[in-house]
Amino acid sequence: MKSIKSIICLLLGITATSLSAKMLERERGYSGNPVIDGWYADPQIRIYEGKYWIFPTTSGLFKNQVFFDCFSSPDLVTWTKHQRIIDNKELKWVNSCLWAPDSIEKDGKYYLFFSGNDAYPIDRKGGDMTVRKTTDKKYGGIGVAVADKPEGPYKDLIGKPLIDKFWNIAQPIDQYVFKYKNQWYMIYGGWRKCNLVQLADDFKSLKPFPDGSMYKDMTPQGYVEGSVMFERKGKWYFMWSEGNWTKGTYKVAYGIADTPFGPFERLGAVLENDENVATGAGHHSVFNYPNTDDWYICYHRRPIPNYHRDHRMTCIDRLYFDKDGKIKPVKMTFKGVKARTLK
């Protein structure tokens with residue numbers, strides 16, 4: 001009993017210290033890290049309607065991880081929480097967990113792509129990648145919902161997963177949607193395999209590539225999950241997470257190519273452990289402040305000490321490039337980033 005009390009007192013002390021430090025940084029005009037309160041992971045950050053928006057996983061036990069919250073801010077410092085923008089009551093096929101949301105605006109509508117359930121095939125170890133029955137808790141995949149506002153409420157777009165099969169042995173999770181030459185694409189994957197697909201204009205289905213294929217294997221060296229794709233100065237950057245998401249080995253690596261079709265060669269890790277700040281940093285997103293070359297990375301990490309698998313918190317730091325366009329190692333901070341309103 002005494003040891004339990006000691007741990008509780010330690011956790012309360014850590015929480016109080018963290019909150020005090022965060023409040024001090026906000027007073028100085030910085031966001032402080034974490035930028036939002038509570039256990040949140042896999043953050044997707046976008047800019048809509050003159051505000052920054054973060055769409056994260058509600059980090060907890062799978063049985064409790066059945067809804068999404070989102071957060072908005074005018075300046076990266078003050079964040080407003082929008083609760084339960086969608087949950088498994090709306091998503092009838094989701095029975096165990098929701099995670100890794102990804103938001104896209106198109107033609108005045110807001111689309112939320114997400115991972116639903118911890119999808120597993122019939123017998124992965126035995127090589128049978130057949131999809132389970134829809135009534136099985138191990139059935140799942142990548143879903144999509146739609147709303148009129150970034151904060152929802154969101155409605156299930158097609159009433160089932162957009163992808164539920166394990167093409168190229170890639171688990172259908174951790175999707176990232178982007179646009180290239182007026183066409184929408186989605187890169188996704190888990191279990192160390194990654195696919196690229198082309199989305200139909202209404203986001204309700206996939207469509208084939210010009211060569212007739214539907215799923216292109218994009219797996220670079222070291223890939224595990226957490227795909228991110230963006231363009232800067234005519235070059236395309238593919239970023240992904242490596243290691244084990246439950247441990248300190250989690251980190252982010254990247255490659256560069258002339259188009260989002262690659263090939264992408266691993267150039268190195270850019271976000272990883274810092275025993276003076278946090279561990280298990282990964283599953284991120286990036287954004288560029290409009291009309292500048294200023295870039296930011298939004299990611300989750302684990303506080304030190306950490307007492308639970310799901311104790312992950314959302315942070316923002318600067319992302320810098322060298323003169324050759326390579327990404328410099330990210331310095332994780334407690335200070336966070338300077339307040340910056342959108343013009």
Side-chain angles (χ1 to χ4, degrees), residues 42-47 55 100 102-106 111 113 142 163 167-168 170 173-190 192-201 203 206-211 213-242 251-272 282-299 316-330:
D42 314 330
Q44 170 63 273
I45 189 164
R46 299 287 189 185
I47 295 175
F55 299 84
D102 176 23
S103 176
I104 287 293
E105 186 275 328
K106 180 178 181 292
Y111 295 86
F113 293 79
I142 295 170
I163 301 175
W167 300 102
N168 299 323
I173 62 167
D174 290 8
Q175 66 299 316
Y176 190 91
V177 177
F178 64 95
K179 196 174 187 179
Y180 175 64
K181 293 187 176 180
N182 295 317
Q183 171 62 49
W184 290 96
Y185 296 88
M186 181 170 70
I187 192 162
Y188 75 91
R192 302 183 181 278
K193 296 292 286 184
C194 174
N195 290 330
L196 179 69
V197 296
Q198 193 168 225
L199 294 169
D201 292 340
F203 291 163
L206 308 181
K207 64 181 184 181
F209 290 98
D211 63 4
S213 65
M214 294 290 289
Y215 299 84
K216 290 189 178 296
D217 189 336
M218 297 286 290
T219 311
Q221 177 190 357
Y223 179 91
V224 172
E225 60 192 18
S227 301
V228 172
M229 186 82 76
F230 66 94
E231 184 270 339
R232 174 185 179 267
K233 295 187 175 181
K235 295 292 184 179
W236 282 85
Y237 292 74
F238 179 24
M239 304 179 77
W240 60 88
S241 293
E242 301 178 345
K251 59 186 174 184
V252 172
Y254 82 107
I256 305 174
D258 292 330
T259 75
F261 305 114
F264 290 93
E265 179 183 348
R266 186 185 189 278
L267 295 178
V270 295
L271 177 66
E272 52 189 328
H283 203 129
H284 70 299
S285 56
V286 302
F287 74 95
N288 165 236
Y289 188 85
N291 301 313
T292 73
D293 192 34
D294 296 343
W295 292 81
Y296 298 76
I297 183 169
C298 184
Y299 62 98
I316 300 177
D317 280 305
R318 287 297 304 271
L319 188 72
Y320 294 102
F321 301 81
D322 68 17
K323 60 182 179 59
D324 297 319
K326 293 182 179 179
I327 302 175
K328 296 182 178 181
V330 174

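Count residues from 1 along the sequence.
- In this structure, F261 has its ring center closer than 6.0 angstrom to the ring center of Y180.
- In this structure, the side chain of T292 engages the main chain of D294 through a donor-acceptor pair within 3.5 Å.
- Using a 4.5 Å heavy-atom cutoff, the side chains of H284 and M239 are in contact.
- Within the 4.5 Å cutoff, the side chain of K251 has no heavy atoms near those of the L271 side chain.
- For the ring pair (Phe, Tyr, Trp, His ring centres under 6.0 Å) criterion with F230, the lone passing option out of W295, F287, W236 is W295.
- Side-chain contact check for F209 versus M214: every heavy-atom pair is 4.5 Å or farther apart.
- In this structure, a donor-acceptor pair under 3.5 Å is absent between the side chains of Y296 and D317.
- Contact annotation: the side chain of F203 never approaches that of M186 to less than 4.5 Å [non-hydrogen atoms, C-beta and beyond].
- Using bins of under 30°, 30° to 60° and over 60° for the plane-to-plane angle, the ring pair Y215/W167 lands in the parallel bin.
- With salt bridges taken as basic N to acidic carboxylate O contacts below 4.0 Å, none links K106 and D201.
- Under the 3.5 Å distance criterion, the side-chain polar atoms of Y254 are matched with a main-chain donor or acceptor of I327.
- A donor-acceptor pair is defined here as one N or O able to donate and one able to accept, closer than 3.5 Å; no such pair exists between the side chain of N168 and the backbone of A170.
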* Report the C-alpha distance between F238 and Y176 in whole Å, list the side-chain angles of each, state the deciding distance to 0.1 Å, and finish with yes or no for ring pair (Phe, Tyr, Trp, His ring centres under 6.0 Å). => CA-CA 11 Å; F238 179 24; Y176 190 91; 9.5 Å; no
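- Between W240 and P220 there is a side-chain heavy-atom pair separated by less than 4.5 Å.
- Salt bridge K179/E231: absent, no basic N to carboxylate O contact under 4.0 Å.
- Q44 contributes no side-chain N or O that, together with a main-chain N or O of I104, makes up a donor-acceptor pair within less than 3.5 Å.
- Judged by distance alone, with hydrogens and angles left aside, the side-chain atoms of D324 form no donor-acceptor pair with the main-chain N or O of K326 at under 3.5 Å.
- Within 6.0 Å of NZ in K207 there are more than 12 heavy atoms belonging to other residues, nucleotides or ligands.
- Rounding to the nearest 0.5 Å places CG of N195 at 6.5 Å from OG1 of T219.
- Rounding to the nearest 0.5 Å places NZ of K233 at 4.5 Å from CG of D293.
- Rounding to the nearest 0.5 angstrom, the gap separating the CD atom in Q198 from the OH atom in Y185 is 4.5 Å.
- Of the possible donor and acceptor atoms, none in the side chain of S241 sits under 3.5 Å from a partner among the backbone N and O of G282.
- Between the side chain of R266 and the backbone N or O of G255, no donor-acceptor pair lies under 3.5 Å.
- Between W184 and F178, the distance from one ring center to the other does not fall under 6.0 angstrom.
- No more than 12 heavy atoms of other residues, nucleotides or ligands sit less than 6.0 Å from atom CD of E265.
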* To do: Kindly determine whether Y111 and D102 satisfy side-chain hydrogen bond (donor to acceptor under 3.5 Å, both in side chains), including the steps that lead there.
  => CA-CA 8 Å; Y111 295 86; D102 176 23; over 6 Å; no
